[in-house]
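First listed ligand is number 1; within each ligand, the first listed atom is number 1. Heavy atoms only: backbone and side chains are in, while hydrogens, waters and symmetry mates are out.
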Amino acid sequence: MKNIIRALLVFGSLVLVVVCVTSRGSTKPAKAQAAPAVSLAAGEYVGSEACKDCHEDQFKAYSHTSHAELAGNSTWKGKATGCEGCHGPGKAHSEEGDPKKIVSFKNKSAKETSETCLSCHAGREEHNNFRRGEHWRNDVGCTECHSPHGVATGKNLASSNTLVSPANAQKPGFATIAMLKTSDPQLCLGCHSEVKHQFSQPFHHKVLEGAMRCSDCHNPHGGFELKQARLATGSDAACIKCHADKQGPFTYEHAPVKTEGCASCHTPHGSSNPRLLRYAAVNQLCLTCHSVAHDVGAIEPGGPQHNQNAQYANCTACHVKIHGSRNSPVFFR
Ligand code: HEC
Ligand code: HEC
Ligand code: HEC
Ligand code: HEC
Ligand code: HEC
Ligand code: HEC
Ligand code: HEC
Ligand code: HEC
Ligand code: HEC
Ligand code: HEC
């Protein structure tokens, strides 16, 4: 029986892939774009209400989630939603409560469980690349971060995910946004404790203070960019979202801002150097690329030929508009 269910699910996923691919060109809004594979086959489905009496905890938690809303949504009419959207047809199991007659995730790998979620969620841009990300590769599945049934307390209106003080982030029921098990950044730091100290450096982005989240800069769902940063190719979308003035357009661009990105000069998490710079002194930073002993015809950019003493000076005292300028080819104003 288990094998049959599995076969059905595998077949289902295949159908879904086709559904997702063909629906990508549609102009419908991305919300709820994917339909589950199985249309309700001959009386095998009973609906979530049938599970309520025997699994009260799961039912209660689940009833607050957007998954619970699908059953009443006309686009999902005649499709498997609710408990059975993940656990498969439940009629046989409901009759006697035989745990062998329902899809269980107990012995499933993180990837297998995630595939169940992706059968509906793969089509959205945010999740398209989950299988290309470090989390997928390292067996961090959807349910490491999301609780599949939601949080028992339901939505907590006070739970703004953008202003999380360490104190209120610990409160139970706080992390009810997107069914997260705990709120970002606590969620991420639970596994990435190695980066935590960077946010306590003298100069840092205020993540631990709750002013921003890890996922402002990273896509936890993967992506093509190095370190799963939220960067669109060729521009620093993540940084530009908040530092729009650094984007330009400039008449005179400082090449590395566009080609190598913000992180070529700044440490994004935190730094002991002002302005989150990679070097304690600005001239050190500049001279990593603009070598004083610059050979004519070399591939690296020219050095400061104006005055050899300049190499000891604070370059940005004169080259003020270091991210690009509308007026000066050497970024004076
Ligand atoms: C008549 C009571 C009853 C109903 C109705 C019922 N279940 Fe169960 N279910 C059980 C019992 C009993 C177990 C075994 C409990 C255990 O092993 O702790 C169980 C176990 C499960 C498990 C865990 C299987 C495992 O071993 O990992 C899942 C998942 C599950 N049920 C889902 C559902 C869903 C979905 C529905 C509704 C479609 C449902 N159940 C309806 C009684 C019921
Ligand atoms: C979004 C997918 C999804 C939905 C919807 C869902 N479940 Fe689950 N369920 C899971 C996963 C995944 C697990 C494995 C537990 C885990 O990874 O935390 C699970 C585990 C269970 C278990 C085993 C005990 C436990 O909590 O670990 C039961 C019982 C269960 N679900 C019942 C239900 C019932 C009843 C509903 C509907 C009210 C439901 N589930 C809706 C995905 C889902
Ligand atoms: C039957 C299809 C289906 C399955 C299977 C499914 N989802 Fe969903 N899920 C949806 C739809 C539809 C929505 C609502 C629209 C949206 O946000 O995409 C949704 C919403 C969500 C949300 C947003 C909730 C919120 O309140 O913002 C999360 C998180 C989520 N699902 C996680 C999961 C995880 C994790 C799994 C696997 C354990 C899973 N889903 C399995 C269809 C599904
Ligand atoms: C490493 C942790 C992590 C993993 C793994 C993860 N998520 Fe998320 N997810 C988040 C965080 C954090 C948010 C909320 C932040 C945001 O909105 O970007 C979120 C938001 C969502 C949302 C609601 C916002 C949206 O994009 O529609 C859905 C749906 C969702 N996740 C589904 C999934 C599915 C499906 C998987 C597995 C394929 C998954 N997530 C894996 C952390 C994770
Ligand atoms: C369950 C543990 C776990 C959670 C929770 C988690 N991660 Fe990860 N993450 C990993 C593992 C394991 C890797 C791959 C190994 C590594 O590079 O550390 C990884 C990789 C990454 C990478 C890529 C690192 C690289 O070197 O390429 C980033 C970025 C990242 N995670 C960000 C996040 C963010 C943001 C969150 C919270 C939304 C989060 N992670 C939550 C376990 C986790
Ligand atoms: C201001 C944007 C920003 C924020 C906020 C941010 N990151 Fe990063 N993170 C980056 C960038 C950009 C990189 C790539 C660094 C590089 O190329 O040197 C990175 C790299 C990483 C890496 C790879 C390991 C490493 O040190 O290179 C991990 C893991 C990581 N971040 C996790 C997190 C976690 C966890 C949080 C939240 C506590 C977080 N990040 C918050 C932008 C950010
Ligand atoms: C969610 C908004 C947000 C994002 C995304 C963001 N920043 Fe910031 N950044 C801020 C805020 C707010 C401050 C100043 C307040 C503070 O001290 O945290 C800041 C401060 C800085 C500073 C120091 C400014 C100073 O005067 O000392 C630098 C440099 C910086 N960010 C670079 C980056 C880079 C590079 C990225 C992308 C990897 C990035 N930021 C992404 C909001 C953001
Ligand atoms: C070529 C090196 C370099 C690159 C690339 C670079 N910066 Fe900077 N940035 C600097 C220097 C140097 C300073 C300090 C200027 C000073 O001395 O006042 C600075 C200062 C800043 C500041 C604080 C002062 C201000 O002007 O607001 C922010 C914010 C900032 N950078 C954001 C960014 C962002 C966002 C990017 C990517 C789009 C970026 N930087 C790319 C070198 C760079
Ligand atoms: C990551 C490498 C890198 C860093 C760091 C860097 N630059 Fe540049 N810079 C370049 C490149 C590449 C060009 C373009 C050279 C060209 O087009 O010939 C350039 C161009 C310039 C120019 C325009 C004049 C010219 O030769 O085109 C000035 C002035 C300049 N940089 C000053 C600075 C200063 C001051 C700093 C330190 C705050 C700095 N640069 C840091 C790579 C860098
Ligand atoms: C006292 C002001 C001042 C300081 C400090 C300064 N520069 Fe300049 N820089 C100039 C002027 C003026 C020019 C334009 C020279 C010309 O083209 O006539 C220039 C031009 C340049 C150019 C274009 C190539 C050239 O030499 O014409 C580069 C590259 C450059 N500076 C890098 C640097 C770096 C790197 C530092 C720090 C180590 C630095 N500058 C410090 C004033 C300064």
Side-chain angles (χ1 to χ4, degrees), residues 2 44-59 62 80-108 148-149 162 199 201-218 225-227 229-231 234-248 250 253-271 273-279 281-290 301 314-324 331:
K2 217 171 177 181
E44 283 187 31
Y45 288 84
V46 286
S48 305
E49 286 291 329
C51 322
K52 188 177 174 181
D53 290 341
C54 299
H55 299 292
E56 216 185 322
D57 291 351
Q58 287 86 357
F59 186 86
Y62 152 88
T81 60
C83 315
E84 294 167 307
C86 291
H87 289 290
K91 184 161 190 286
H93 167 74
S94 299
E95 278 158 9
E96 294 141 34
D98 181 352
K100 289 198 198 68
K101 293 187 174 164
I102 189 85
V103 174
S104 161
F105 295 95
K106 264 189 196 136
N107 300 316
K108 287 210 162 56
H149 303 128
T162 47
F199 294 94
Q201 297 262 46
F203 304 92
H204 58 265
H205 273 111
K206 294 197 169 108
V207 173
L208 301 184
E209 292 87 336
M212 62 191 285
R213 302 172 298 160
C214 311
S215 48
D216 279 326
C217 293
H218 295 285
E225 300 297 336
L226 205 63
K227 312 295 181 196
R230 288 190 185 277
L231 312 177
S235 69
D236 286 82
C239 314
I240 291 305
K241 185 171 71 180
C242 300
H243 300 287
D245 59 316
K246 305 291 181 286
Q247 185 175 30
F250 300 115
E253 291 183 334
H254 194 182
V257 176
K258 288 281 144 66
T259 55
E260 287 161 69
C262 316
S264 60
C265 296
H266 297 285
T267 34
H269 293 169
S271 167
N273 308 319
R275 311 296 191 207
L276 304 178
L277 289 177
R278 291 200 172 273
Y279 291 85
V282 169
N283 60 334
Q284 281 175 290
L285 168 68
C286 312
L287 293 173
T288 55
C289 295
H290 295 280
N314 178 358
C315 317
T316 47
C318 299
H319 301 282
V320 182
K321 292 281 178 199
I322 198 62
H323 303 99
F331 318 135

For atom CZ of Phe203, decide whether the heavy atoms of other residues, nucleotides or ligands shown that lie under 6.0 angstrom number more than 12.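 It does: Phe203 CZ has more than 12 such atoms within range.
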For Lys246, is the NZ atom crowded, meaning more than 12 foreign heavy atoms sit under 6.0 Å from it?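 Enclosed: over 12 neighbouring heavy atoms sit under 6.0 Å from NZ of Lys246.
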Taking only heavy atoms of [X], which atoms of ligand 8 are found under 4.0 Å from at least one of them?
X      : result
His243 : 29 (C), 35 (C)
Cys265 : 1 (C), 2 (C), 3 (C), 4 (C), 5 (C), 42 (C), 43 (C)
Gly261 : 5 (C)
Thr316 : 12 (C), 16 (C), 17 (O)
Val257 : 4 (C), 5 (C), 38 (C)
His254 : 1 (C)

So between [options], whose heavy atom ends up nearest [atom]?
atom                    : options                    : result
atom 36 (C) of ligand 1 : Cys51, Ala92, Pro89, Gly90 : Cys51
atom 26 (O) of ligand 1 : Lys100, Lys108, Lys106     : Lys106
atom 11 (C) of ligand 1 : Cys86, Gly97, Gly82, Gly47 : Gly97
atom 40 (N) of ligand 8 : His266, Arg275, Lys246     : His266

Please find out if atom 8 (Fe) of ligand 8 and some N, O or S atom of His323 are separated by less than 2.8 Å.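 Yes, since at least one N, O or S atom of His323 sits under 2.8 Å from atom 8 (Fe) of ligand 8.
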Below 3.5 angstrom, do we get any N/O pair linking Glu95 and ligand 1?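 It does not: no N or O of Glu95 is found under 3.5 Å from an N or O of ligand 1.
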Sub-3.5 Å N/O-N/O distance, Ser104 and ligand 1: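 Yes; the residue has a nitrogen or oxygen that sits under 3.5 Å from a nitrogen or oxygen of the ligand.
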Quick one: does Arg278's side chain have a donor or acceptor within less than 3.5 Å of a partner on Ala263's backbone?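 Yes, because the side chain of Arg278 sits within donor-acceptor range (under 3.5 Å) of the backbone of Ala263.
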Is [atom] touching the protein, meaning some protein heavy atom lies under 4.0 Å away?
atom                    : result
atom 43 (C) of ligand 1 : yes
atom 8 (Fe) of ligand 1 : yes
atom 23 (C) of ligand 1 : no
atom 17 (O) of ligand 1 : no

With backbone taken as N, CA, C and O and side chain as the heavy atoms from C-beta onward, which portion of [X] lies under 4.0 Å from ligand 1: side chain, backbone, both, or neither?
X     : result
Ala50 : backbone
His93 : side chain
His55 : side chain

Worked check of side-chain hydrogen bond (donor to acceptor under 3.5 Å, both in side chains) between His204 and Glu209: CA-CA 10 Å; His204 58 265; Glu209 292 87 336; 2.7 Å; yes
To the nearest 0.1 Å, how far is [atom] from its closest protein heavy atom, and which atom is that?
atom                    : value
atom 4 (C) of ligand 1  : Cys54 SG, 3.2 Å
atom 35 (C) of ligand 1 : Cys83 CB, 3.5 Å
atom 28 (C) of ligand 1 : Ile102 CG2, 3.7 Å

Would one find an N, O or S atom of Cys242, in either backbone or side chain, under 2.8 Å from atom 8 (Fe) of ligand 7?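 Coordinating: no.
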Indicate if the distance from atom 8 (Fe) of ligand 7 to the nearest N, O or S atom of His205 falls below 2.8 Å.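 For His205, the answer is yes, given that an N, O or S atom comes within less than 2.8 Å of atom 8 (Fe) of ligand 7.
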Which bit of Ala238 is near ligand 7, meaning a heavy atom under 4.0 Å away: side chain, backbone, both or neither?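 The answer is the backbone of Ala238.
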Taking non-hydrogen atoms only, is His204 closer than 4.0 angstrom to ligand 7 via side chain, backbone, both or neither?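 Just the backbone.
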Report the part of [X] in contact with ligand 8, treating N, CA, C, O as backbone and CB onward as side chain, heavy atoms under 4.0 Å; options are side chain, backbone, both, neither.
X      : value
Gln247 : neither
Leu277 : side chain
Ile322 : side chain
Ser264 : side chain

Is the distance from the ring center of His87 to that of Phe105 below 6.0 Å?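 Yes; Phe105 has its ring centre under 6.0 Å from that of His87.
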Are Phe199 and His269 an aromatic pair by the rule of ring centers under 6.0 Å?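 Aromatic pair counts; centres sit under 6.0 Å.
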For His254 and Phe331, take the angle between the two ring planes, folded into 0 to 90°, and tell me which bin it lands in: parallel under 30, tilted 30 to 60, perpendicular over 60.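 The arrangement is tilted - the two ring planes meet at 30° to 60°.
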Within a distance under 4.0 Å of any heavy atom of Pro268, pick out the atoms of ligand 7 and give their elements.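 Answer, ordered by atom number: 38 (C).
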Please lay out, stage by stage, how Val46 and Glu84 fare under the test side chain to side chain contact (heavy atoms under 4.5 Å, CB included). CA-CA 8 Å; Val46 286; Glu84 294 167 307; 3.5 Å; yes
